[in-house]
Every structure is written in structure tokens, then in C-alpha cells.
Amino acid sequence: MIKATGNKEKNTDRDSSANGFAVKQTGAAYGIGIFILTAAALFSFLEMAYHVKAVTVWIYLVLLGIFLLGGYVLLEAWNRRLTVDEDLFSYRNLLGKTVSFSLGDVALGKAACDASKGRDYLRLYDKDGKALCRLECSMKNASRLIWYLHEHGIPIGLEAGAEGYAGDIIRQRPLTEDMLAEQSGQVFGQMQGMAERWLERNRELGAELEYGFACYFAGKMEENARMQPAESHFPVPGTGNGEGREDAHVLPEDFLCRMELFVKKDGCLVRDRRGRTLMLESTVFYRRKCTGREGGFRLYHNGVWLEEMEEAMGWLERYLPKHRFTMVQEPLKYPLGKSLF
């Protein structure tokens, strides 16, 4: 049920709450509003200090418009926000009026992300098509709200520019562990076909490709590092590592599985002039902490992994002929799997 609660709600944030968060303007919005008001005040002072009788009325209208614009931006930053607490929503509009509704009232979301053309918005609608709230994709925690809606099965329509933003989120597909064997087999088949086509196009390079699944404890991985430390590796499930399907907790909460590809020549790993092993990677399966009342962790399949790997292999195709490399005759420090379970 949608309920108006008046204008007396305190201006509190829930960004770091265990069960809630707030979608709001970033600090930059305050800076822009203050800058506009400061500029308007400066222009007004200069006009009064160096007043010219020939100044026309439209100059004063312009100054008034600048003041109003600055005030609008500050009001937008101060008031407009959506607070999510489990399955309850509280939306405060530009004028500070607050409306409360629940997840059950939300039937549809729409997202556009092209601020240069004035198409930056994120809106929620009820079952009658009435807008429940108006936000922007550029707001803080907007992506978290999109994830929240996606986790709870709320469809999100994509418009200008949102394909690579909200679109990437809604292409993350939930799975169960029982589905991993079939899904990983399909993924490896796609990777195998892509690698064969790449080798056919680049036969003159004499390169070899070694690829497969590598699993990690995400919490032990180093940020922005391609080659991860040994303690972050998790044995690929179902590859003779002693962990059977009878174990109900085979996958850790921070499980992350990547498709990794290494470049080899004459059976040796290829390294660039800085000694870095040439590899490509894209996350395929992972667990993610869910928002909302049920909490817990959910297993997901990254629906955009193939596009990511195709783009990386296109880069590799352009990169290899233009550089010199060294070869190291040593095996990989961890095995790559062809399937999970």
C-alpha cells in the first residue's frame, strides 16, 4: 500500500545499514548548486557595483533564473532520495514530501543513462502504470537499487544508454549448484569455439591457447591483480579434488569462478617484456550477498562474460603482432577445469 507520510521525516541516511540503503544525489550536486548560487551572487554584485543605466530588464531575469537554478539543484540534492529498508520504500521528492510503499507495490522499473541528452533517469511504477518515484542512474546507490529490483524479480525496461549499465546487471542470472555442471559445459563449449576461430584467423602467429575454469575465494583475491595469490585459489569442484557432491557446502560464500586464457608458444608460457604472463580472464560464476529481508548469498552466472572475453581476444589479436615476448618453460601453478562438477 502506498502511503503519504508528510514533510517531517528526518534527513537521515541508511547507506551503511545492514538491511537498508539510500539512493540519493552525490556530493557533487551540492558543489554544483553552491557554485551556481555563488556565480549568481557575484554577477549581481558586479551589476550593482558597476550599474549601467542602459541595462535592460532581461539581464535581471537572467540573474533571477540563475538563482532559481542554483536553488533547484540544492533542493534536489538535499531532498530527493529513496530509502530502502528490507522490502519497504520511503521516497522524498524535491519539495520534501515523503511517500511510503512496499516492494509488492512495484510492478516495473525503467532506466535510461544518457545524461548528455537529458535521458538520465530511474523510475519505478505501480501496477496501474503510475510513477512511484523519479531518480537518476547517476545517483549514489542507483546500481544497488537495480540489483535489489533484479534480485526480487521486478522487470526493468531499458532505454537510451542503459544497455551497458542496468542491462549488464539484469543479465546476471541466478543459478543453483545443481545447474553448474550443465551451465559450465555450455560455457566451455562457447569458449572452445571462440578459441578455435581465433587460432584459425591468427594461424601465422604460431600461438597456442590454454584456457579453462579457475575458482577463487573472492575475499582473498587482490584488487586489480590478474595473477592472484595461491591462498585465493579454490579447487575446481568435480575435478578429483576430494570434494564430493554429498557435501552441502561445497562452494564457499565468496566463491568466484573465472574463465582464464593463457597464451603459449611451443608449449611455453608467453610473457611480455616486463615479465608479465599473457592472460585474459572474465568472471563466469560467482556468489553475491543478496539485499532485502531474506539476505544470504546467491549464485549467479555472468551473462556478459562472452562479450567481455570476445573483446579481450580482439585486443590480443591486435596486440601480439606489434610486440616482442619471452617464453618460459614452466607449467601453470594451478589447474584449469573444463567443467564444474
Side-chain angles (χ1 to χ4, degrees), residues 1-38 40 65-115 118-157 159 162 165-166 169 290-293 295:
M1 179 179 294
I2 304 170
K3 181 181 178 182
T5 58
N7 303 327
K8 297 183 180 180
E9 183 193 29
K10 293 183 179 179
N11 190 21
T12 57
D13 295 333
R14 297 292 305 275
D15 299 337
S16 302
S17 170
N19 297 315
F21 59 93
V23 182
K24 61 178 184 177
Q25 292 288 3
T26 63
Y30 290 95
I32 293 172
I34 293 172
F35 173 79
I36 294 173
L37 287 177
T38 302
I66 296 175
F67 271 111
L68 292 175
L69 176 62
Y72 173 86
V73 173
L74 283 179
L75 275 176
E76 177 83 10
W78 181 258
N79 280 329
R80 192 183 301 281
R81 67 189 58 213
L82 177 71
T83 302
V84 181
D85 187 2
E86 294 185 342
D87 57 355
L88 300 176
F89 296 76
S90 180
Y91 173 64
R92 186 165 59 223
N93 66 14
L94 174 69
L95 300 178
K97 182 179 179 181
T98 301
V99 176
S100 298
F101 54 95
S102 69
L103 180 64
D105 296 316
V106 182
L108 173 68
K110 287 186 179 180
C113 191
D114 192 350
R119 302 284 290 173
D120 178 22
Y121 62 76
L122 177 59
R123 299 170 184 165
L124 304 184
Y125 297 86
D126 65 13
K127 297 177 178 61
D128 297 323
K130 181 182 177 181
L132 296 171
C133 65
R134 181 183 68 79
L135 306 163
E136 285 83 42
C137 290
S138 57
M139 284 181 164
K140 182 179 180 180
N141 285 328
S143 61
R144 189 171 177 180
L145 175 62
I146 296 171
W147 260 111
Y148 176 93
L149 298 172
H150 178 52
E151 288 173 357
H152 291 86
I154 304 298
I156 301 175
E159 298 189 21
Y165 177 72
I169 294 177
C290 297
T291 57
R293 190 183 300 276

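Count residues from 1 along the sequence. Quick caveat, the model's predicted, so the values are computed rather than measured.
Taking OG1 of Thr98 as the start and CZ of Arg81 as the end, the distance is 10.0 Å to the nearest 0.5 Å. One finds the CD atom of Glu86 at 11.5 Å from the CG atom of Leu103 (value rounded to the nearest 0.5 Å). Rounding to the nearest 0.5 Å gives a distance of 5.5 Å between CD of Gln25 and CD of Glu136. Rounded to the nearest 0.5 Å, atoms CG (Leu149) and CG (Leu122) are 7.0 Å apart. Rounding to the nearest 0.5 Å places CG of Leu124 at 8.5 Å from CD1 of Ile154. Once rounded to the nearest 0.5 Å, the distance linking CD1 of Ile146 with SG of Cys113 reads 8.5 Å.
A donor-acceptor pair under 3.5 Å links the side-chain atoms of Tyr165 to the main chain of Cys137, judged by distance alone. Within the 3.5 Å criterion, the main-chain N or O of Lys130 finds no donor-acceptor partner in the side chain of Asp128. Remark: side-chain polar atoms of Asn141 are paired, donor with acceptor, to backbone N or O of Ala22 under 3.5 angstrom. A donor-acceptor pair under 3.5 Å links the side-chain atoms of Arg92 to the main chain of Asn79, judged by distance alone. A donor-acceptor contact shorter than 3.5 Å links the side chain of Tyr91 to the backbone of Arg134. Lys127 places a side-chain N or O within 3.5 Å of a backbone atom of Gly104 that can act as its donor or acceptor partner.
No side-chain heavy atom of Lys24 sits less than 4.5 Å from a side-chain heavy atom of Met139. Ile169 is not listed as a side-chain neighbour of Ile156, based on a closest heavy-atom distance of 4.5 Å or more. Looking only at side-chain heavy atoms (C-beta outward), Arg119 and Tyr121 come within less than 4.5 Å of each other.
Contact record, Arg80 with Leu94: NH2-CB, 3.5 Å, taken as the closest heavy-atom pair. The shortest non-hydrogen separation linking Leu82 to Cys133 is CD2-SG, 4.3 Å. The heavy-atom pair separating Ala111 from Ala162 by the smallest distance is O-CB, 3.4 Å.
Relative ring orientation between Phe101 and Phe89 is described as parallel, the plane-to-plane angle staying below 30° on a 0-90° scale split at 30° and 60°.
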